[in-house]
Peer 1: 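Please see the structure below; I have some questions.
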Number of protein chains: 2
Amino acid sequence: MDELDAEIIRLLQTDARQSNRELARRLGVAPSTCLERVRSLTRRGVIRGYHADVDLAALNRGVQALVSIQVRPLSRPVIVRFKEEVSVLPEVLSAFVLAGGDDFVLHVAVQDLDRLHAFLLDELSKRKEIAGFRTSVIFQSTRNPVVGRLPETAGAASAPD
Amino acid sequence: MDELDAEIIRLLQTDARQSNRELARRLGVAPSTCLERVRSLTRRGVIRGYHADVDLAALNRGVQALVSIQVRPLSRPVIVRFKEEVSVLPEVLSAFVLAGGDDFVLHVAVQDLDRLHAFLLDELSKRKEIAGFRTSVIFQSTRNPVVGRLPETAGAASAPD
DNA sequence: ACTGAAAATCTACGCTC
DNA sequence: GAGCGTAGATTTTCAGT
């Protein structure tokens with residue numbers, strides 16, 4: 001993971017469909033070199049795939065929400081099963097298993113508030129393992145297009161207290 | 001947005017780097033037709049871009065958390081400014097502006113728990129507009145690779161009560 | 001929406017450092 | 001081992017239909 005790899009990752013996060021040639025030009029290396037680097041990153045699992053970013057509103061999924069959920073009993077089989085079942089629901093964009101007050105957070109996207117309500121009632125309320133949940137409608141969301149290495153925070157690495 | 005468009009979107013969400021030719025083959029249309037469809041979807045803003053999916057652990061960002069935040073006063077300038085400033089922090093993957101008990105949720109990824117603690121203390125605690133926040137470490141997260149049209153929920157559209 | 005052909009790109013392989 | 005240049009295969013792209 002040298003500087004060149006980091007730059008490749010940055011550029012492919014910005015635009016995954018640019019040609020290998022273009023990528024090589026921006027990096028100042030030969031296309032064949034660039035190709036080998038990208039393959040290596042893919043082989044090593046650093047690059048996991050390439051995905052189109054789609055406008056949710058255009059898919060009639062303009063209403064998003066975060067749903068915080070507590071499940072009981074808080075046992076491994078219940079958590080594993082709940083996570084698996086809920087992850088595949090079409091309304092769910094992503095699911096988080098958490099430490100702390102809430103056990104799960106679901107990021108959901110649906111057509112409108114009626115559908116959100118229906119989802120909560122039909123998919124969540126009926127589940128016996130759910131001890132409670134709280135829904136927050138999302139007004140806005142922003143996503144950082146590029147995930148890079150973090151800058152070293154001065155002192156944190158070398159001088160723990 | 002006919003069936004062909006929907007299928008293109010599905011395939012490009014799964015693998016954004018497959019060739020136009022491959023895409024066309026899977027759809028059973030000519031490459032030129034497929035290309036024009038993809039361009040149209042891009043022009044209309046349905047496809048917003050293509051991004052590489054990178055393993056956060058490989059970038060030394062293996063620790064993720066959701067941070068729920070309340071800000072005061074809850075006025076437009078405070079919200080807008082907070083959102084803009086926080087969105088560009090390198091630790092922040094995405095930021096949500098919410099309705100409900102919490103005003104913001106930040107999805108953050110950092111190297112380790114020390115860095116998470118440092119982020120909370122150095123970036124959040126010092127902000128005067130923050131009235132309180134709660135941090136939940138993420139044990140696991142799953143993401144739905146394909147966002148599609150939602151199935152019609154029987155009765156919901158045609159027979160509201 | 002398809003066909004065909006020209007331009008651009010991809011990528012395997014042998015070479016140099 | 002890592003990067004480069006080249007050449008043959010593949011793909012993109014845009015007429016014309």
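Just so it is clear, the structure is predicted and the values come from calculations on it, not from any experiment. Throughout, a chain's letter reflects where its sequence line sits, starting with A, and its residues are numbered from 1.
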Peer 1: Rounding to a whole Å, what distance do you find between L23(A):CG and dC10(C):C1'?
Peer 2: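 Computing the L23(A):CG to dC10(C):C1' distance gives 13 Å.
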Peer 1: Which nucleotide sits closest to the side chain of R37(A): dA2(D), dA1(C), dT13(D)?
Peer 2: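 The answer is dA2(D).
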Peer 1: If you assign R17(A) and T33(A) each to the DNA chain D nucleotide with the nearest heavy atom, which residue ends up on the more 5' nucleotide?
Peer 2: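 Looking at the nearest nucleotide for each, T33(A) comes out on the 5' side.
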Peer 1: Across the strands shown, which category fits S32(A) at heavy-atom distances under 4.0 angstrom: base, sugar-phosphate, nothing?
Peer 2: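 If one applies the 4.0 Å heavy-atom cut-off, S32(A) turns out to touch a base.
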Peer 1: Starting from C1' on dC14(D), measure out to CZ on R39(B) and report it in whole angstrom.
Peer 2: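 Atom CZ in R39(B) sits about 8 Å away from atom C1' in dC14(D).
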Peer 1: Could you give the CD-to-P distance, from E36(A) to dC13(C), as a whole number of Å?
Peer 2: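 For the pair E36(A) CD and dC13(C) P, the rounded distance is 13 Å.
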Peer 1: dA1(C) C1' sits how many Å from L27(B) CG, rounded?
Peer 2: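 Interatomic distance, CG of L27(B) to C1' of dA1(C): 13 Å.
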Peer 1: For L35(A) and dA2(D), give me the distance from atom CG to atom P, rounded to whole Å.
Peer 2: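 Taking CG of L35(A) and P of dA2(D), I get 15 Å after rounding.
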Peer 1: If we only count heavy atoms from C-beta on, is the R134(B) to D102(B) side-chain gap below 4.5 Å?
Peer 2: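 A side-chain contact under 4.5 Å exists here.
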Peer 1: Looking at R21(A), I'd like to know whether one of its side-chain N or O atoms comes within less than 4.0 Å of OP1 or OP2 on dT11(C).
Peer 2: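 R21(A) to dT11(C) OP1/OP2: no side-chain N or O under 4.0 Å.
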Peer 1: Rounded to whole angstrom units, what separation is found between the CD atom of E22(A) and the C1' atom of dC10(C)?
Peer 2: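 So the CD-C1' distance, E22(A) to dC10(C), works out to 15 Å.
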Peer 1: Between dC2(C), dT13(D), dC4(D), which nucleotide gets closest to the side-chain atoms of A30(A)?
Peer 2: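 When the side chain of A30(A) is considered, dC4(D) is the closest of dC2(C), dT13(D), dC4(D).
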Peer 1: Measure from the side chain of N20(A), starting at C-beta and using heavy atoms only, and say which of dC14(D), dA1(C), dT11(C) lies closest.
Peer 2: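 Looking only at heavy atoms from C-beta outward on N20(A), the closest nucleotide is dT11(C).
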Peer 1: Looking at R81(B) and E84(B), is there a salt bridge between them, counting it only when a charged N and a carboxylate O are closer than 4.0 Å?
Peer 2: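 No, no charged N to carboxylate O under 4.0 Å.
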Peer 1: Would you call R127(B) and E85(B) a salt bridge, using N to O less than 4.0 angstrom?
Peer 2: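 Answer for the salt bridge query: yes.
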Peer 1: Go through the side-chain N and O atoms of R44(B) and S40(B) and say whether any donor and acceptor fall under 3.5 Å apart.
Peer 2: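 Note: R44(B) and S40(B) side chains meet the donor-acceptor criterion.
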Peer 1: In whole Å, I'd like the distance from the CD atom of Q18(B) to the C1' atom of dT11(D).
Peer 2: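 After rounding, the gap between these two atoms is 14 Å.
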